[in-house]
Amino acid sequence: MNRVRVRQHVNPLGIRYQTPINAVDWGNIYVDKSQPLLLDIGCARGQFLIEMAQLEPECNFLGLEIREPLVEAANKTRSELGLTNLHYIFCNANNSLKPILCSLPAGVLQRVTIQFPDPWFKNRHAKRRVAQPELVAELADYLAPGGTVFLQSDVKFVEEEMCERFEENPNFHRQSKEWLAENPLPVATERELFTLGKNEPVYRAVFEKAAV
Ligand SMILES: C[S@@+](CC[C@H](N)C(=O)[O-])C[C@H]1O[C@@H](n2cnc3c(N)ncnc32)[C@H](O)[C@@H]1O
């Protein structure tokens with residue numbers, strides 16, 4: 001992995017992050033853009049996706065991250081490994097989901113993950129949290145019927161708030177009212193490994209988009 005040093009937090013409401021990215025030309029990105037896509041929002045260094053992309057070559061993987069040096073390093077590692085089903089985009093997921101997702105073939109977005117998002121503990125910083133109602137509505141627009149959203153955090157109120165955002169949207173239903181004891185995915189993120197290494201709890205939930 002190409003390791004770069006970066007600022008720990010970026011304020012997504014900062015002026016530098018207010019311009020949505022341009023529509024994506026998928027032509028040179030994936031070898032087969034019709035494969036099912038997993039979107040990881042806030043992928044940081046992208047290690048989770050590097051492992052997933054190798055485990056599931058029949059799927060495509062896309063990481064969105066607001067810290068640009070991490071995205072450059074992750075795409076460099078992806079190229080060095082020769083993975084043709086993986087890509088990372090530098091953007092603010094809160095204003096750039098539409099230009100990214102509207103240019104994909106209909107129905108390819110089948111899984112979304114939001115894992116250990118920045119908690120922004122203070123109430124006055126609540127608007128900086130990534131799971132805003134508008135983001136949930138855009139995911140509902142582009143996720144395939146029956147597609148899933150996996151949410152996990154080590155901060156209980158953050159996980160509860162994310163779940164509320166998805167429960168409020170009539171397109172989604174929660175698969176289980178209980179926190180999931182296990183991660184349903186075969187790969188843990190860096191933050192998950194760090195949390196589990198300290199024997200601290202992880203709160204997890206899966207939402208499904210209603211089939212039409
Ligand atoms: C605490 S880290 C967790 C990283 C990884 N998901 C994990 O579990 O190890 C949260 C990541 O989300 C990114 N992030 C925060 N707000 C974002 C936004 N609006 N758009 C894209 N990425 C964002 C942060 O820069 C950071 O890398």
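We number each residue from 1, following the sequence as shown. Below, each value reflects all heavy atoms present in this structure, side chains not excepted, and no hydrogens, waters or symmetry copies. Just follow the structure's listing: the first ligand is 1, and inside any ligand the first atom is 1.
Applying the salt bridge (Lys or Arg N to Asp or Glu O under 4.0 Å) criterion to Glu160, with sequence neighbours excluded, gives no partner residue.
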Under 3.5 Å, which donor-acceptor pairs do the side chains of residues 135-152 form with other protein atoms, sequence neighbours left out?
from   : atom 1 : to     : atom 2 : distance (Å)
Gln152 : OE1    : Arg204 : NE     : 3.0
Gln152 : NE2    : Gln115 : OE1    : 2.8
Gln152 : NE2    : Glu192 : OE1    : 2.9

Enumerate donor-acceptor pairs with a distance under 3.5 Å from any side-chain N or O in residues 52-64 to protein atoms, sequence neighbours excluded.
from  : atom 1 : to     : atom 2 : distance (Å)
Gln54 : NE2    : Ile50  : O      : 2.9
Glu56 : OE1    : Arg111 : NH1    : 3.4
Glu56 : OE1    : Arg111 : NH2    : 2.6
Asn60 : OD1    : Gln35  : NE2    : 2.9
Asn60 : ND2    : Asp32  : O      : 2.8

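Although no hydrogens or angles enter the test, the distance criterion places a donor-acceptor pair under 3.5 Å between the side chain of Asn92 and the main chain of Asn94.
Between Phe207 and Phe166, the two ring planes are tilted [angle within 30° to 60°]. Note: Trp120 and His9 have tilted aromatic rings, judged against thresholds of 30 and 60 degrees for the angle between ring planes.
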Pairwise, report which nitrogen or oxygen atoms of ligand 1 are under 3.5 angstrom from protein nitrogen or oxygen atoms, and how far apart they are.
from     : atom 1 : to     : atom 2 : distance (Å)
ligand 1 : 6 (N)  : Gly42  : O      : 2.9
ligand 1 : 6 (N)  : Gln115 : O      : 2.9
ligand 1 : 8 (O)  : Gln115 : O      : 3.3
ligand 1 : 8 (O)  : Thr189 : OG1    : 2.7
ligand 1 : 9 (O)  : Thr189 : OG1    : 3.4
ligand 1 : 9 (O)  : Arg191 : N      : 2.9
ligand 1 : 19 (N) : Asn92  : OD1    : 2.9
ligand 1 : 19 (N) : Asn94  : OD1    : 3.1
ligand 1 : 20 (N) : Ala93  : N      : 2.9
ligand 1 : 22 (N) : Ile66  : N      : 3.2
ligand 1 : 25 (O) : Glu65  : OE2    : 2.6
ligand 1 : 25 (O) : Arg67  : NE     : 3.1
ligand 1 : 27 (O) : Glu65  : OE1    : 2.7
ligand 1 : 27 (O) : Glu65  : OE2    : 3.2
ligand 1 : 27 (O) : Arg67  : NH2    : 2.8

